[in-house]
Amino acid sequence: DPRDLHRVDRRQRQMCIRDRLGITLGAEATARAAYEVGRSNVAAAPGAILTRVLLPPVVQVDLAAAEQALVAFAPQVEQPAINAGMRLVDGLVQTTPPADGRALDIAATLAPLAQDAGAVLADGLLELALVSTRPAVTDASPLVEQAERLLSNFLDIRVFDPVTGDSVYWSLPPTEWGAWLAAEPDASSPLGLALAADPVQVRDYLARQASAALDAGRYLDLDAATAAVQQTLRAGRTETTVRVFHHDRQHVVQPGETIISIAWDYGVPYPWIQQANGGVDRAAVGQTLVVPSPDKFLLYPPVPDKRIIVSISRQRAWIYEGGAIKWEWPVSTGIASSPTWPGVYQIISHVPNAYAANWDLWMPNFLGVYQPIPGADFTNGFHGFPTRGSSQLLWTNSLGTRVTYGCILLSNDNSRLLYEWAQEGVVVEIQA
């Protein structure tokens, strides 16, 4: 009978809830109480042994377990208070009303159980103590003028992939993103209020967009992207940039491939692949290797509108600003036994005159780009003509040929220009 199955299912749910709340029947205590009642009745009136006596069971509650269960259960019954906010209706900004919320008062719910659990649970129900919660902002009208300025614009979110250098734009009309706006307390504001974007709605939008626009190898850091949108709107702007990240990749080794050849093809220094695969030094055909994400080399927030491209095969560098070539220069990269490694990296340091102890070289205008060996205190980068000893100037006539030990050589004048122009975070793409 389906009704019997329903009763069984309901009983199982009740038992599950009872167990989570730490509610048990004190069988021994109940039996002892019944025994004492029986003895007292017989002593008082021998004929009372045939009298029916209703005796409530002794119920025991583990209050610590009950509190833990109620904390876990609270989100099912609680409702957050809603602050007064804004919305755009027929091109006009209107305030939205606040709404009270409710919260579970766990202490008040547990207090009766601590006093007399049997009486409280006699009917099989546990009354929850709910309290009303007030919103922090009950009137958003002082922010209407600020909201009107914001809501006269589309919200433009630039989605920037520092690895490819590409950007896409997600634009929302005010009628859509205006629903995100609310007011929040702000002691630093003369009004005591500030406009804020609802993080749940922002995050949901970004998650939907990312799912539709990004392939399986790429993703958004939704927490960071949500915070970027919130900060932009809070500052009274409607243009922001969020960054695309990349997952680690997997590569199945093919005949003829080595760790070094695979690393070169992916643009990752081979010691990083060795580290990601437990120190492996040989690749076996059919073996699956983890290839670290290029994000491992992007230690600073990428600068979207500056980029440096270096070609090893052409021994040239192109410096871009705002999508246009600013400078094009000859360079020299590493020799075969100590090559400059292809990949996507960043400017990670500035050193006016760096010293390379391995080769006893002083390198002017040094811009660190990448560490060939993870964790090692050794960095390849850009620099001008180096000196050895006190005055020996090297490679002054070698631009355009591979002469360095892994760094990228520029003329002194060009290295000085780049040193001043490229802040930490500028992406450097080294092409084979």
Side-chain angles (χ1 to χ4, degrees), residues 161-164 214-221 224 243-302 308 310-313 333-349 351 354-361 363 366-383 402-409 424-432:
D161 187 336
V163 175
T164 64
L214 301 180
D215 55 58
R218 303 187 297 165
Y219 66 98
L220 293 183
D221 180 335
R243 172 184 170 181
V244 173
F245 290 84
H246 294 252
H247 293 293
D248 289 344
R249 296 150 290 181
Q250 291 190 332
H251 178 82
V252 178
V253 179
Q254 302 300 309
E257 289 185 326
T258 65
I259 297 290
I260 291 178
S261 72
I262 293 167
W264 186 269
D265 291 341
Y266 275 94
V268 176
Y270 73 86
W272 289 79
I273 290 185
Q274 289 178 313
Q275 182 195 60
N277 293 275
V280 62
D281 58 0
R282 291 188 179 181
V285 175
Q287 178 183 10
T288 298
L289 295 175
V290 175
V291 179
S293 165
D295 295 325
K296 297 284 187 183
F297 303 95
L298 304 179
L299 306 179
Y300 291 87
I308 304 168
V310 175
S311 170
I312 296 173
S313 61
T333 60
I335 57 179
S337 60
S338 186
T340 303
W341 210 266
V344 177
Y345 309 108
Q346 263 184 331
I347 300 298
I348 57 175
S349 62
V351 182
Y355 180 65
N358 286 353
W359 298 285
D360 187 26
L361 294 180
M363 302 168 290
F366 184 85
L367 291 169
V369 172
Y370 69 95
Q371 292 181 315
I373 302 172
D377 186 19
F378 173 70
T379 303
N380 281 339
F382 293 96
H383 61 77
R402 304 185 189 189
V403 296
T404 75
Y405 300 112
C407 286
I408 304 161
L409 178 67
E424 273 83 356
V426 170
V427 175
V428 180
E429 179 182 344
I430 302 177
Q431 303 173 346

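Values below: every heavy atom of this structure, side chains too, minus hydrogens, waters and symmetry copies.
Here the CG atom belonging to Leu220 is positioned 8.5 Å from the CZ atom belonging to Phe245, to the nearest 0.5 angstrom. Taking CD1 of Ile308 as the reference point, atom CG of Leu367 lies at 7.0 Å (rounded to 0.5 Å). Considering CG of Leu299 and CD of Glu424, their distance stands at 10.5 Å, rounded to 0.5 Å.
For Asp215, the CG atom is densely surrounded, since the number of other residues' heavy atoms within 6.0 Å is greater than 12. Enclosure of atom OH in Tyr270 is not indicated, since only 12 or fewer non-hydrogen atoms of other residues, nucleotides or ligands lie within 6.0 angstrom.
Tyr219 contributes no side-chain N or O that, together with a main-chain N or O of Ala216, makes up a donor-acceptor pair within less than 3.5 Å. Side-chain atoms of Glu257 do not come within 3.5 Å of backbone N or O of Ala283 as any donor-acceptor pair. Using modelled atom types, no side-chain atom of Thr333 and backbone atom of Arg402 make a donor-acceptor pair closer than 3.5 Å. A donor-acceptor distance shorter than 3.5 angstrom exists from the side chain of Thr340 to the backbone of Gly406, with no hydrogens or angles considered. Side chain of Arg249 to backbone of Pro292: a donor-acceptor contact under 3.5 angstrom is found. For Gln431 (side chain) and Ser311 (main-chain N/O), no donor-acceptor pair under 3.5 Å exists by modelled atom type. Formation of a donor-acceptor pair under 3.5 Å by the Asp248 side chain with backbone atoms of Ser293 is found in this model.
Relative orientation of the Phe378 and Trp359 rings is tilted, given thresholds of 30° and 60° on the angle between their planes.
Across every non-hydrogen atom of Gly425 and Tyr300, the tightest pair is CA-CB, 3.7 Å. His246 and Asp295 get closest at one heavy-atom pair: N-OD2, 2.5 Å. Here the closest non-hydrogen pair linking Ile273 and Val290 is CG2-O, 4.1 Å. Minimum interatomic distance between Pro162 and Leu298 (heavy atoms only, all atoms of both residues): CG-CD1, 3.8 Å.
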Evaluate Asn380 against Tyr345 for side-chain contact (heavy atoms from CB on, under 4.5 Å), listing each step before the verdict. CA-CA 11 Å; Asn380 281 339; Tyr345 309 108; over 6 Å; no

Mind running side-chain contact (heavy atoms from CB on, under 4.5 Å) on Val369 and Ile347 for me, showing each step along the way? CA-CA 5 Å; Val369 172; Ile347 300 298; 4.2 Å; yes

Please determine whether side-chain contact (heavy atoms from CB on, under 4.5 Å) holds for the pair Ile373 and Gln275, giving the CA-CA distance in whole Å, both sets of side-chain angles, and the decisive distance to 0.1 Å. CA-CA 9 Å; Ile373 302 172; Gln275 182 195 60; over 6 Å; no

Leu409 vs Phe382, side-chain contact (heavy atoms from CB on, under 4.5 Å): CA-CA, chis, key distance, verdict: CA-CA 6 Å; Leu409 178 67; Phe382 293 96; over 6 Å; no

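Between Pro271 and Pro372, every side-chain heavy-atom pair lies at or beyond the 4.5 Å cut-off. Side-chain contact between Val252 and Gln254 is present, with heavy atoms from C-beta onward closer than 4.5 Å. Within the 4.5 Å cutoff, the side chain of Leu361 has no heavy atoms near those of the Tyr355 side chain. Counting only heavy atoms from C-beta outward, the side chains of Asp221 and Arg243 never approach each other to under 4.5 Å.
Each of Asn277, Val280, Val253 was evaluated against Ile259; a single residue qualifies, Val280, per the side chain to side chain contact (heavy atoms under 4.5 Å, CB included) test. Paired with Phe297 under the rule ring pair (Phe, Tyr, Trp, His ring centres under 6.0 Å), one option of Trp272, Trp341, Tyr370, Tyr266 passes, and it is Trp272.
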